[in-house]
Amino acid sequence: MTPVITKAEHATEQAADKVVETTDGMHLIIDALKHNGIDTIYGLVGIPITDTARLAQAQGMRFISFRHEQNAGNAAAIAGYMTQKPGICMTVSAPGFLNGLAALANATVNCFPMILISGSSEREIIDLQQGDYEEMDQLSAAKQYAKAAYRVNKAEDIGIGVARAIRAAVSGRPGGVYLDLPAQLLAQSLDVERGKQSLVRVVDPVPRQIPAPDAVKRALDLLKGAKRPLIILGKGAAYAQVDADIRTLVEKSGIPYLPMSMAKGLLPDTHPQSAAAARSFVLAQADVVMLIGARLNWLLAHGKGKTWGAPKQFIQIDISPTEIDSNVAIAAPVIGDIGSCVVALLTGMGSNFGKPDTAWTDEIAERKNKNMAKMAATLDRDSSPMNFHGALRAIRDVLKTRPDINLVNEGANTLDFGRSIIDMFEPRKRFDCGTWGIMGIGMGYAIGAAITSGLPVVAVEGDSAFGFSGMELETICRYQLPIVTVIFNNNGVYKGSDVNPSGTPDPAPCSFVKGARYDKMIEAFGGIGYNVATPAELTKALVEAIASGKPALINAAIDETAGTESGRLTSLNPQSTATKK
Ligand code: ADP
Ligand code: MG
């Protein structure tokens with residue numbers, strides 16, 4: 001057990017000859033986190049948590065200090081996804097809390113374990129709305145966007161409060177948890193012995209959940225009767241960290257599979273059973289689909305409609321029973337943790353489980369080859385100015401040689417093309433816009449991934465997407481992280497070629513400063529900047545930047561007319577249908 005450190009200035013004299021050693025709220029928070037093996041806090045200091053941050057560092061924790069709380073929160077969330085331990089984000093009250101809350105909500109939606117710890121101002125004043133410094137009822141605000149939210153009011157409850165937060169974040173379906181710490185609590189003192197005894201080490205924070213045998217049998221029976229089976233691997237499957245068993249299940253069954261975006265690399269994207277290059281075909285044609293840690297949300301067209309074509313039956317493996325039947329009827333739900341479910345399926349399959357009809361797999365192979373040949377031709381066509389395909393081909397070829405590198409990818413077209421062009425070879429290396437399809441995760445995820453893995457990160461960013469978190473370049477340089485940010489600079493959102501039709505001097509809503517030099521931004525903080533205009537220059541810069549192990553940014557000029565509006569989400573973006581008289 002970690003010793004509770006005492007603070008001399010808080011020592012109170014009980015008797016003239018006897019000094020009772022005391023600890024306080026901020027020491028206990030650090031002690032409670034360390035007691036549970038948590039060694040890193042992502043945050044941003046200010047009233048009332050500055051001293052807590054200093055103390056965390058003094059006590060041997062890492063405190064990664066950001067420029068905006070949302071980015072700190074995103075870093076914590078991705079650390080949670082990578083490690084199955086809650087990523088910790090610490091913020092100041094009211095506005096700092098609200099900035100962090102955006103990341104907490106995103107973590108919850110994505111099923112990433114994270115704890116947002118925010119200082120808050122005085123309860124008496126907040127509850128009577130008397131106008132305190134940064135007054136806000138943070139607990140109430142957090143409740144609706146988090147998996148759970150707690151407040152600790154007494155220093156002796158810190159141990160229990162932290163234990164509850166950890167358990168809520170990582171057990172069952174992981175998610176975001178809010179922990180409210182009033183300023184008074186941080187300064188509250190407590191007898192050091194009582195403090196020590198109040199700490200709680202969480203036993204079995206991620207309990208296994210074994211699936212029911214009849215559920216497993218039901219799923220296997222359905223699979224056996226399938227003519228055109230398909231497996232879909234989601235980021236829940238990647239999160240579960242049972243990579244070898246999942247691979248065995250896929251290979252033993254011989255069933256073609258599709259990886260969702262962040263499940264890419266769970267099996268190498270070049271795996272012969274990957275049907276990614278024939279995605280539309282398999283979704284439309286499959287008759288039995290087994291979802292492993294993937295939800296039938298908008299990213300899978302809600303499991304119905306034209307995308308899904310022929311009628312089908314679903315098997316769904318998930319830890320959350322209420323996920324079942326969320327969009328369409330699920331014929332065979334298997335509820336449990338993915339590790340236990342996959343093992344149960346493998347056992348149930350025995351040694352002579354039939355492979356799918358070759359008519360099905362041959363047809364997929366044929367489609368795949370055709371689509372891949374078409375894509376290869378597009379990728380090899382060098383266009384000037386450089387377009388998304390040329391730039392992504394360059395990045396793909398460099399990353400192929402470094403499968404250990406983490407990839408962050410956000411934007412509209414930069415994301416859509418990047419997802420299908422850049423192959424992944426190792427699990428939990430691709431981090432992107434996730435369930436909400438948001439922008440703004442870029443630098444936060446990049447920093448979280450670099451800190452957590454100790455390995456290089458390449459962040460492939462649309463120029464617009466980068467803008468949401470760009471100031472963290474300073475953080476990246478301050479901590480000297482091996483992060484190479486590549487900006488796909490097409491002078492705007494979607495395209496840079498929009499013009500304001502009204503004749504006023506204002507630029508069009510989608511356009512940015514033309515020919516901006518994002519590489520100069522990183523130079524301001526001592527990082528290495530590159531400015532490139534061709535795939536060959538991009539290749540050279542990327543190889544060099546990765547080899548340097550230093551913070552770098554490559555400004556890659558992309559044809560400003562190359563993008564499409566809303567990337568592939570055109571159907572979600574209402575366009576004016578009014579005709580002007
Ligand atoms: P994707 O976006 O890749 O399709 P989703 O985030 O939609 O993935 O789905 C992930 C699913 O995985 C969620 O329904 C979640 O409940 C489930 N999940 C997460 N971790 C586990 C786990 N360890 N065991 C079982 N299911 C899990
Ligand atoms: Mg752009």
Side-chain angles (χ1 to χ4, degrees), residues 38-44 57 61-90 103 106-107 112-114 238 262 265 395 398-399 401-410 418 422 424-434 440-461 465-466 468-487 518 521-522 525-530 541-554:
I38 293 170
D39 55 13
T40 305
I41 298 175
Y42 302 89
L44 205 157
Q57 193 171 53
M61 290 185 87
R62 290 194 84 179
F63 191 96
I64 312 296
S65 204
F66 282 72
R67 304 299 296 261
H68 190 287
E69 293 88 352
Q70 188 173 319
N71 306 320
N74 284 326
I78 213 64
Y81 169 71
M82 294 169 80
T83 61
Q84 296 186 334
K85 279 189 191 166
I88 308 292
C89 175
M90 191 175 280
N106 184 56
F112 298 160
M114 165 184 171
M262 282 178 58
I395 292 174
V398 174
L399 292 187
T401 66
R402 285 294 303 270
D404 60 320
I405 284 183
N406 299 288
L407 175 69
V408 173
N409 188 196
E410 65 172 338
I422 304 177
M424 303 304 295
F425 299 91
E426 292 181 10
R428 296 170 298 282
K429 294 281 186 188
R430 183 184 160 83
F431 313 107
D432 65 27
C433 307
I441 48 84
M443 297 300 99
Y445 279 7
I447 294 170
I451 297 279
T452 305
S453 68
L455 290 166
V457 178
V458 171
V460 180
E461 302 270 315
F466 171 70
F468 293 83
S469 64
M471 192 62 206
E472 303 300 343
L473 285 181
E474 190 275 333
T475 311
I476 291 169
C477 291
R478 187 165 16 105
Y479 287 86
Q480 281 295 297
L481 298 172
I483 297 173
V484 184
T485 304
V486 185
I487 309 290
Y518 291 93
M521 283 177 69
I522 201 162
F525 306 113
I528 309 168
Y530 298 89
L542 186 57
V543 168
E544 201 179 295
I546 292 171
S548 78
K550 297 230 166 72
L553 187 145
I554 303 171

Enquirer: Indicate yes or no: at least one non-hydrogen side-chain atom of M424 is less than 4.5 angstrom from one of L407.
Expert: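 A side-chain contact exists here, since the closest heavy-atom pair is under 4.5 Å.
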Enquirer: Taking the side chain as every heavy atom from C-beta outward, state whether S65 and L44 have any pair of such atoms under 4.5 Å apart.
Expert: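 No; the side chains remain at least 4.5 Å from each other.
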Enquirer: As a test of understanding, state which of N71, L481, N74, T452 forms a side chain to side chain contact (heavy atoms under 4.5 Å, CB included) with I447.
Expert: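 The side chain to side chain contact (heavy atoms under 4.5 Å, CB included) with I447 is passed solely by L481 among N71, L481, N74, T452.
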Enquirer: Rounded to the nearest 0.5 Å, how far does CD of Q84 lie from CZ of F112?
Expert: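 Result: 12.5 Å between the selected atoms.
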Enquirer: Measuring only between side-chain heavy atoms, which start at C-beta, is T485 closer than 4.5 Å to E461?
Expert: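 Yes; the side chains approach each other to less than 4.5 Å.
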Enquirer: Which atom names give the shortest non-hydrogen contact between Y42 and A75, and what distance separates them?
Expert: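 Nearest pair, atom of Y42 first, then A75: CD2-CB, 3.7 Å.
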Enquirer: Among M61, Q57, R62, which residue satisfies the side chain to side chain contact (heavy atoms under 4.5 Å, CB included) criterion with I41?
Expert: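 Answer after filtering M61, Q57, R62: M61.
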Enquirer: Please report the closest heavy-atom contact between A449 and I78, naming both atoms and the distance.
Expert: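 Minimum heavy-atom separation between A449 and I78: N-CG2, 3.8 Å.
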Enquirer: P86 and I38: which non-hydrogen atoms are nearest, and at how many Å?
Expert: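 Closest pair (atom of P86, atom of I38, distance): CG-CD1, 4.2 Å.
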Enquirer: Might you point out which heavy atoms bring M82 and S453 nearest each other, and give the distance in Å?
Expert: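 So the minimum-distance heavy-atom pair works out to CE-CB, 4.0 Å.
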Enquirer: Using side chain to side chain contact (heavy atoms under 4.5 Å, CB included), reason through I441 and S469 one step at a time and then give a plain yes or no.
Expert: CA-CA 7 Å; I441 48 84; S469 64; over 6 Å; no
Enquirer: Please assess L553 against Y530 for the test side chain to side chain contact (heavy atoms under 4.5 Å, CB included), listing each intermediate value before the final yes or no.
Expert: CA-CA 6 Å; L553 187 145; Y530 298 89; over 6 Å; no
Enquirer: Would you say M114 and I88 make side-chain contact, with heavy atoms under 4.5 Å?
Expert: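 Counting from C-beta outward, M114 and I88 never come under 4.5 Å.
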Enquirer: Could you tell me if the side chain of M443 sits less than 4.5 Å from the side chain of T475, heavy atoms only?
Expert: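 T475 does not reach M443 side chain to side chain.
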Enquirer: Does the side chain of Y445 come under 3.5 Å of the side chain of E410 through a donor N or O and an acceptor N or O?
Expert: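 Not at all, the side chains of Y445 and E410 share no donor-acceptor pair under 3.5 Å.
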Enquirer: Any side-chain heavy atom of I395 within less than 4.5 Å of one from V460?
Expert: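 Side chain of I395 against side chain of V460, heavy atoms only: contact under 4.5 Å found.
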Enquirer: Given the rule in the side chain to side chain contact (heavy atoms under 4.5 Å, CB included) test, do I554 and V484 qualify, once you have shown the distances and angles that lead to the verdict?
Expert: CA-CA 7 Å; I554 303 171; V484 184; 3.9 Å; yes
Enquirer: I'd like to know if the side chain of K429 reaches the main chain of P403, judged simply by a donor and an acceptor atom lying under 3.5 Å from each other, with no hydrogens or angles considered.
Expert: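 Here the side-chain-to-backbone pair does not exist.
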Enquirer: Between P456 and R402, what is the shortest heavy-atom contact and its length?
Expert: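 Closest pair (atom of P456, atom of R402, distance): CG-NH2, 3.6 Å.
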Enquirer: Donor-acceptor pair, distance only, cut-off 3.5 Å: does the side chain of R478 make one with the backbone of F66?
Expert: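 No, because the side chain of R478 does not come within donor-acceptor range (under 3.5 Å) of the backbone of F66.
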Enquirer: For a 4.5 angstrom cut-off between non-hydrogen side-chain atoms, does I476 reach P551?
Expert: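 Yes. Closest side-chain heavy atoms under 4.5 Å.
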Enquirer: Applying side chain to side chain contact (heavy atoms under 4.5 Å, CB included) between V458 and each of L399, N406, V398, report the one that passes.
Expert: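 So the option named by the test is L399.
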Enquirer: Give the ring-plane orientation class for F431 versus Y81, where under 30° counts as parallel, over 60° as perpendicular and anything between as tilted.
Expert: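 Because their plane-to-plane angle is over 60°, the rings of F431 and Y81 count as perpendicular.
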Enquirer: Counting C-beta onward and ignoring hydrogens, is there a side-chain heavy-atom pair between D432 and V408 closer than 4.5 Å?
Expert: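 The answer is no; the side chains never approach within 4.5 Å.
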Enquirer: Are more than 12 heavy atoms from other residues, nucleotides or ligands located less than 6.0 Å from atom CD of Q480?
Expert: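 It does: Q480 CD has more than 12 such atoms within range.
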Enquirer: Please test T40 against I64 for side chain to side chain contact (heavy atoms under 4.5 Å, CB included), starting from the C-alpha separation and ending with a verdict.
Expert: CA-CA 7 Å; T40 305; I64 312 296; 4.0 Å; yes
